[in-house]
Protein chains: 2
Amino acid sequence: IVKVKDVSKVYKKDSGVPIYALRNVSVAIGDGEFVAIMGPSGSGKSTLMNVLGCLDRPSEGEVLIDGQKVNLLDDEALARVRNQKIGFVFQSFNLLPRTSAIENVELPLIYSERDKISGLAKAALENVGLGDRLNHQPGELSGGQQQRVAIARALVNDPEIILADEPTGNLDSRASYEILALFQQLNRQGRTVVIVTHEPDIAEYATRIIKIADGAIESDAANLNV
Amino acid sequence: IVKVKDVSKVYKKDSGVPIYALRNVSVAIGDGEFVAIMGPSGSGKSTLMNVLGCLDRPSEGEVLIDGQKVNLLDDEALARVRNQKIGFVFQSFNLLPRTSAIENVELPLIYSERDKISGLAKAALENVGLGDRLNHQPGELSGGQQQRVAIARALVNDPEIILADEPTGNLDSRASYEILALFQQLNRQGRTVVIVTHEPDIAEYATRIIKIADGAIESDAANLNV
Ligand SMILES: Nc1ncnc2c1ncn2[C@@H]1O[C@H](COP(=O)(O)OP(=O)(O)OP(=O)(O)O)[C@@H](O)[C@H]1O
Ligand SMILES: Nc1ncnc2c1ncn2[C@@H]1O[C@H](COP(=O)(O)OP(=O)(O)OP(=O)(O)O)[C@@H](O)[C@H]1O
Ligand SMILES: [Mg+2]
Ligand SMILES: [Mg+2]
């Protein structure tokens, strides 16, 4: 359902040595899988997620979503695929600061023209325990509450593919496991889930674990402990 | 060395019920202690840290740094105390986006007029493993690298008191333990360290653990496992 083939991402910084955030990475994720991506800080996990999620174009290689080569699409067409099929939880949340939690969560609905259906944003926030924080702006929320708004926004459009970049980094154990249980439930209902995490306890929820180091895949195997 | 007495922090949101982020909290942290603060998302940890670190004024109660009542100081005097005595690692990093890593880390030195001493900012970044990222702006750094710039900035002025709000939330295990080892070393050299964490493994490094729930102290005890 989501595939990258021989993908590289290079950054050239001043006159220095080019930085290979990704080098020749190939990953194929099947419909309905639950994948965890792990690896050290700076190893390329977010870069890989941004390419999988059509938020960033690779320097080389192909990206296919449902068999369609999306690296060939223009920005507008790419944004449409993203909005229809993918829900993305950003490592740094990316919430609009002057906008309430409920309005932040409504954004993907406006784009997919589903905002006529009232109550979706409210329900999404209730599902992550923020029913009493709907009108708070991000600056009026704790770090973990902001993270949960970002999660609610990723899920409100009921996407086929959920890509979550360190979705529990700011959450206590109980809130982390509530979020993971939510992802597991969505996965059992047929959604494909890919999460970046640096915590082995969180990775245990996945059926497949991909390890990345220095921009390359180090290992990619079934999680035998599930 | 840092003390809050009967401190409360109330937010009034629209016409709703006031939110007590902190209610009658009293905590006294002694010179040279290593304290971990734990608790659920939204329980008041960052609010308590901001009050301890002179970044936010309580609605009620007293805040004392080295015996001086800082809640009575004006903003400029408070900022001076903060710059001289406290190094703060923010949960959301608070880096200047258009500014390189090394310039971000130099900021506290400019304020304390120690920026004449060259190499301090570079050394601070090298100590957190970012010697090869000095000229990158935050947007050109991974989440964990941004977090480490925030840590370097908190430590560059060699503060007596280090307050770190979830300093390892975006770091893999190895980088987390490197940062904790660094804090431990600074603590053995006499610095007072207070870290908010939601990970029990990280809290194990502390000699005292404070648990907070719903804006109030739930427990405050020595860590018997050290
Ligand atoms: N715009 C950029 N210019 C230069 N280098 C960049 C840029 N963006 C990212 N990098 C570098 O690419 C590498 C990979 O970054 P990436 O964000 O994918 O890491 P990550 O695995 O998500 O790390 P973390 O666990 O810390 O979030 C890092 O070393 C980073 O410094
Ligand atoms: N400006 C504000 N207006 C209204 N409520 C606020 C404001 N700032 C914080 N709050 C509320 O105060 C409570 C405590 O927030 P705080 O940031 O201290 O929590 P926390 O323990 O650090 O949580 P986390 O672990 O998620 O970072 C939260 O419920 C939050 O919604
Ligand atoms: Mg990342
Ligand atoms: Mg917090």
Side-chain angles (χ1 to χ4, degrees), chain A residues 11-17 19 21 38-47 49 90-93 95 97 100 128-130 132-148 165-166 168-176 178-179 196-202 211-213, chain B residues 11-17 19 21 38-47 49 90-93 95 97 100 128-130 132-148 165-166 168-176 178-179 196-202 211-213:
Chain A
Y11 294 108
K12 296 199 177 57
K13 182 81 188 136
D14 315 324
S15 57
V17 172
I19 293 172
M38 303 186 75
S41 175
S43 57
K45 306 179 295 296
S46 295
T47 308
M49 291 291 270
F90 292 87
Q91 186 170 7
S92 54
F93 319 155
L95 301 177
S100 70
V128 295
L130 291 175
D132 60 351
R133 291 282 183 278
L134 303 178
N135 297 317
H136 285 234
Q137 294 192 353
E140 300 169 321
L141 293 171
S142 77
Q145 290 167 342
Q146 292 175 30
Q147 187 156 37
R148 285 182 274 155
D165 195 346
E166 304 214 21
T168 61
N170 280 289
L171 301 178
D172 55 289
S173 322
R174 180 171 155 194
S176 294
E178 285 175 7
I179 294 302
V196 169
T197 179
H198 58 256
E199 292 184 52
D201 291 355
I202 302 289
K211 292 193 177 161
I212 180 168
Chain B
Y11 293 108
K12 296 196 180 58
K13 181 82 186 134
D14 314 328
S15 56
V17 170
I19 292 173
M38 304 187 75
S41 176
S43 55
K45 307 181 294 296
S46 294
T47 308
M49 290 289 270
F90 293 88
Q91 186 171 8
S92 55
F93 318 156
L95 301 177
S100 71
V128 294
L130 291 176
D132 60 353
R133 290 284 183 275
L134 304 177
N135 297 315
H136 285 234
Q137 294 190 352
E140 300 169 321
L141 293 171
S142 77
Q145 290 167 344
Q146 291 173 29
Q147 188 156 37
R148 283 182 276 157
D165 195 348
E166 307 214 20
T168 62
N170 279 290
L171 299 179
D172 55 290
S173 325
R174 181 171 156 193
S176 294
E178 284 175 10
I179 294 303
V196 169
T197 179
H198 58 257
E199 292 184 53
D201 292 355
I202 303 288
K211 292 192 179 166
I212 179 169

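Bear in mind that the values here come from a model prediction, so they are computed numbers and not experimental data. Below, chain A is the first sequence line, B the second, and so on; all start at residue 1.
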Side chain, backbone, both or neither: which part of A:Thr168 has an atom under 4.5 Å from a heavy atom of chain B? backbone

To the closest 0.5 Å, what do you measure between NE2 (B:His136) and CD1 (A:Ile19)? 3.5 Å

Does any heavy atom of chain A fall under 4.5 Å from the side chain of B:Glu199, the backbone, both, or neither of them? side chain

Could you tell me which non-hydrogen atom of B:Gln91 sits nearest to which non-hydrogen atom of A:Gly143, and how far apart they are? NE2-CA, 3.5 Å

Chain A heavy atoms under 4.5 Å from B:Asn135: which part of the residue, side chain, backbone, both or neither? both

Could you tell me which of B:Lys45, B:Arg174, B:Arg148, B:Gln147 has the largest number of non-hydrogen atom pairs under 4.5 Å with chain A? B:Arg148

Is it the side chain or the backbone of A:Asp165 that comes within 4.5 Å of chain B heavy atoms, both, or neither? neither

Minimum heavy-atom distance between B:Ser41 and A:Leu171, given as atom pair plus value: OG-CD2, 4.3 Å

For B:Phe90, enumerate each residue passing the ring-ring contact (aromatic ring centres under 6.0 Å, His included) test, keeping only those at least two apart in sequence or located in another chain. B:Phe88

If you count heavy-atom pairs within less than 4.5 Å of chain A, which of B:Ser173, B:Ala175, B:Pro200, B:Gly42 leads? B:Gly42

Which atoms of A:Gln146 approach chain B - backbone, side chain, both or neither, heavy atom under 4.5 Å: neither

Rounded distance (nearest 0.5 Å) linking atom CG of A:Asn170 with atom NE2 of B:His198: 7.0 Å

With a 4.5 angstrom heavy-atom cut-off, could you sort out which part of A:Glu166 is near chain B: side chain, backbone, both or neither? side chain

Contacts of B:Ser92 that satisfy side-chain contact (heavy atoms from CB on, under 4.5 Å) - sequence neighbours left out: B:Asn94

In terms of heavy-atom pairs under 4.5 Å with chain A, the winner among B:Gly129, B:Pro40, B:Gly44 is B:Pro40

